[in-house]
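Everything quoted here is computed from the prediction, not taken from an experiment.
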Amino acid sequence: MVIDTSTDVVRVNARKTDIFDLFNFKHYIGSNPDLNTAACTFDFALTGYREPLEIADYIEKISDRYPHLREEKYESHAHLFARTLSEVSKLDMGLHFHCWNVKPLERGARISVQSLHTRTTRSIIYFVWDWFEAMTLDEEIAFDEQMRNLQNIFRRSVYGGPTVYSLLRKANEKGIPAFYLWDEGLMQYGYGRKQVRGVATTFDGDSHIDSDFTTRKDDCKAFLATLGFPVPGGEIVTSREGALDAAEDIGYPVAIKPVVGHKGIGVTADVRDSEELRAAFNRAVKAVPEEQPIRIIVEKSISGADFRLLCVNGRFVAATERRPASVVGDGYSTISELIDRENRSDARRDTPTSAMSKIQLDEAMDMYLEEQGLSLDSVIKEGRKVYLRKVANLSSGGVSIDATPTVHPDNTILAQDVAQHFRLTCLGIDVISEDLAKSWKDSSFSILEINAAPGIFMHLNPAVGESVDVPEKILETFFDGGTEARIPIVTFNRIKVAELQTTIDQILSHHPDWVIGAVCRNGIYINRAEKILHRDYNTNVQNLLRNPKLDLLIVEYEEDVLAAQGMFYYGSNMVVLDNPTEIEMMLARDVFEDSTIIIKQGDNVSIRRQGLLEQYTLGVDEPFSRVYLKEIPTIL
């Protein structure tokens, strides 16, 4: 049983009327004494100002939001607080946080909860604290509003983009180490020479030339036409008058888009007359980057549905139909009211894990409604569906529909043939087609553009249809599993520089071509060459693991670093402990099934290897190093 309070109460952060006090906050970037994940820890105690509610009373209120918590048992208020905090940390969008821990203290308890983004976690902790205080006083709290604020904090973080988060989550599931490189602004997956770095779905092995080429829509379109792929005819213009002339030559309807662009910004499809073209031309011009000249594509608008075909590593993996946002009349509400009602639905929560964004009101919507003889103030009859724009832009409220099972084999081959011409891990191909179930050879079908770094969440979480696990397809391009993303790591709780250098020499004698990184309290080395030691210890560890040439890592982790910062990485292939403290024993906790653990207590040594335990006593003047140097070759 955890003791929540003591008779000697000293307030730290609590207000005078607070029942609970939270203090001694600490953030760990990785495995730490309390959890084997990155975590935020803090002390929890009762202030003694008044008695808290019974645990059952808090559960009754909390279960209105999280009914499944009613089925669980709680030893104390601290356990209930920690469990509630873990649940709220998922932010109502299924984030992968599920680890928490409560440790008894002389005064209260220490709570640890899994964390990814420090600011988000701290904000969640304070929100849950406020919620518990409100429940104690039988007061209401603006739960939904606060949840939206917390979601927005996470969304603005480097992990909050749906593509980045979905890849990070999949890496976590597969045991692939992943961390953010703040200096480069990149995600790194894997360690040392096994690593891959990238931004969203662009990776360091991609051709930057090919990536840039996909943004030059005119040249890319000409290239596809040269290869014999179906593309719409069109012209490039630099003025509105030129666009009007081109549209007359091509024949309405036409599509307007900037030559340089991405994500459908500035694109208008199905432009049917000169007035509409003028507005579409202005939108395209606004989308042109300031440093770029004004060059606008006017091309024939092809009838059909809008699809995104996705290829990973040259292979077709998914297809999604994208439909423009729409509303269905009820006979008495205006279109504006219908949009507002739709935007308040659970399906449009507009979080990193929601299938649909909120419907955006803009000039393009007004013009399209006017073309249909409508406005935002129009009331439409019950059951009538009204599309709100021509372009099926998902960020403006469009609807994604999984079409992967319907794709005709000829269309699969076409997508793969296009992808083979680009050295890009991920390639999005936007097409117009009557029906993807029909061959492109026998139906209306045209490639509109191709996209490097395509978003993948429309495939992973479509509004309609089955999910396609695109993150799995992407990561398996680089790694068969978590083991393939790692290099061997040997972790000591203490080792002298001379012993470290002897260990490096021993490994190099077996693998002379290897690059070995090593860091201890007194130095950092690449093979035998000493490098500059950073004052922050875990920064040294990260600097070695981000080295793309590294074959093996040796690290010393003493108690003070583990207690203050935790470990940068999880999992060692070998752990060598010399008279370890209780905290240093966590190094033996965070190992793999086939790891080797060597522990010296006095002159007694135990070796655990592949489930077998061996024990013996060191001889007179026998160095401990002889034991672990003999074992190191078994893990290489």
Side-chain angles (χ1 to χ4, degrees), residues 2 24-44 78 82 86 97-106 109-116 118 121 172 175 177-179 191 482 486-495 500 518-521 536-542 544-545 553-602 604-611 613 624 627-628 631 635:
V2 172
N24 290 342
F25 288 90
K26 184 181 294 185
H27 183 78
Y28 291 104
I29 63 172
S31 190
N32 57 82
D34 297 304
L35 283 179
N36 62 3
T37 69
C40 188
T41 70
F42 57 91
D43 290 351
F44 173 95
S86 177
F97 309 131
H98 59 271
C99 298
W100 57 277
N101 184 58
V102 176
K103 178 181 179 181
L105 298 175
E106 183 178 350
R110 175 158 299 143
I111 293 176
S112 304
V113 63
Q114 186 175 4
S115 175
L116 179 63
T118 307
T121 304
N172 180 267
F179 53 92
Y191 293 149
R486 297 176 178 273
I487 59 174
I489 297 178
V490 181
T491 307
F492 293 81
N493 69 324
R494 59 182 56 87
I495 186 170
L500 189 64
V519 60
C520 65
R521 182 60 60 88
D536 178 77
Y537 193 77
N538 272 318
T539 296
N540 295 301
V541 180
Q542 182 185 48
L544 291 172
L545 287 172
L553 176 68
I554 303 171
V555 179
E556 176 190 46
Y557 266 117
E558 290 187 287
E559 176 175 340
D560 58 343
V561 174
L562 294 173
Q565 301 181 27
M567 298 175 66
F568 182 78
Y569 55 86
Y570 171 86
S572 305
N573 300 87
M574 175 178 284
V575 173
V576 182
L577 302 179
D578 184 353
N579 294 294
T581 66
E582 180 181 353
I583 287 178
E584 290 170 347
M585 281 299 295
M586 65 167 277
L587 300 174
R589 177 197 70 188
D590 298 340
V591 295
F592 306 115
E593 187 175 346
D594 59 349
S595 297
T596 298
I597 302 173
I598 304 172
I599 302 177
K600 173 179 173 288
Q601 295 282 10
N604 298 316
V605 176
S606 67
I607 303 174
R608 184 179 297 277
R609 184 195 318 112
Q610 296 181 343
L613 181 63
F624 182 40
V627 178
Y628 62 76
E631 293 293 331
I635 69 164

Do you know which two heavy atoms are closest between [X] and [Y], and how far apart they sit?
X	Y	result
S606	L613	CB-CD1, 4.1 Å
C520	L500	SG-CD2, 3.9 Å
P580	M585	CG-SD, 3.6 Å
N538	F568	OD1-N, 3.3 Å
Y557	V541	OH-CG2, 3.6 Å
C40	F25	SG-CD2, 4.5 Å

Could you measure the distance from the [atom1] atom of [X] to the [atom2] atom of [Y]? Nearest 0.5 Å is fine.
X	Y	atom1	atom2	value
M567	L587	CE	CG	5.5 Å
R609	D594	CZ	CG	12.0 Å
D536	Q565	CG	CD	4.5 Å
Q542	Y191	CD	OH	10.0 Å
T41	L35	OG1	CG	9.0 Å
Y28	D34	OH	CG	6.0 Å

Could I get the full list of side chain to side chain donor-acceptor pair (under 3.5 Å) partners for [X], not counting sequence neighbours?
X	answer
N36	none
D560	R521
R608	none

(request) Can you run down the salt bridge (charged side-chain N to carboxylate O under 4.0 Å, His left out) pairs that involve residues 570-589, sequence neighbours left out, and say none if there aren't any? (result)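 Salt bridge (charged side-chain N to carboxylate O under 4.0 Å, His left out) check on residues 570-589 returns R494-E584, D578-K600.
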(message) With heavy-atom distances below 4.5 Å as the criterion, would you say the side chains of F592 and R486 are in contact?
(response)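 Yes, their side chains come closer than 4.5 Å.
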(message) When you compare the side chain of V113 with that of F97, does any pair of heavy atoms fall below 4.5 Å?
(response)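 No. Closest side-chain heavy atoms not under 4.5 Å.
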(request) Quick one: list whatever passes salt bridge (Lys or Arg N to Asp or Glu O under 4.0 Å) with E559, sequence neighbours left out. (result)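 Checked E559 against salt bridge (Lys or Arg N to Asp or Glu O under 4.0 Å); zero matches.
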(request) Look at the side chain of K103 and the backbone N and O of S112, then say whether any donor-acceptor pair between them is shorter than 3.5 Å. (result)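 No; judged by distance alone, with no hydrogens or angles, the pair does not exist.
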(request) Keeping the roles fixed (side chain from N32, backbone from G30), state whether a donor-acceptor pair exists under 3.5 Å. (result)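 Yes, the answer is positive, given that a donor and an acceptor are paired below the 3.5 Å cut-off.
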Counting only pairs under 3.5 Å, give me each side-chain donor-acceptor contact of residues 569-576, with atom names and distances, residues two or more places apart or in other chains.
residue: Y569; atom: OH; partner: T491; partner atom: OG1; Å: 2.6
residue: S572; atom: OG; partner: T491; partner atom: OG1; Å: 2.6
residue: N573; atom: OD1; partner: I489; partner atom: N; Å: 2.9

(message) N579 vs Q601, test: side-chain contact (heavy atoms from CB on, under 4.5 Å). Steps then yes/no.
(response) CA-CA 5 Å; N579 294 294; Q601 295 282 10; 3.7 Å; yes
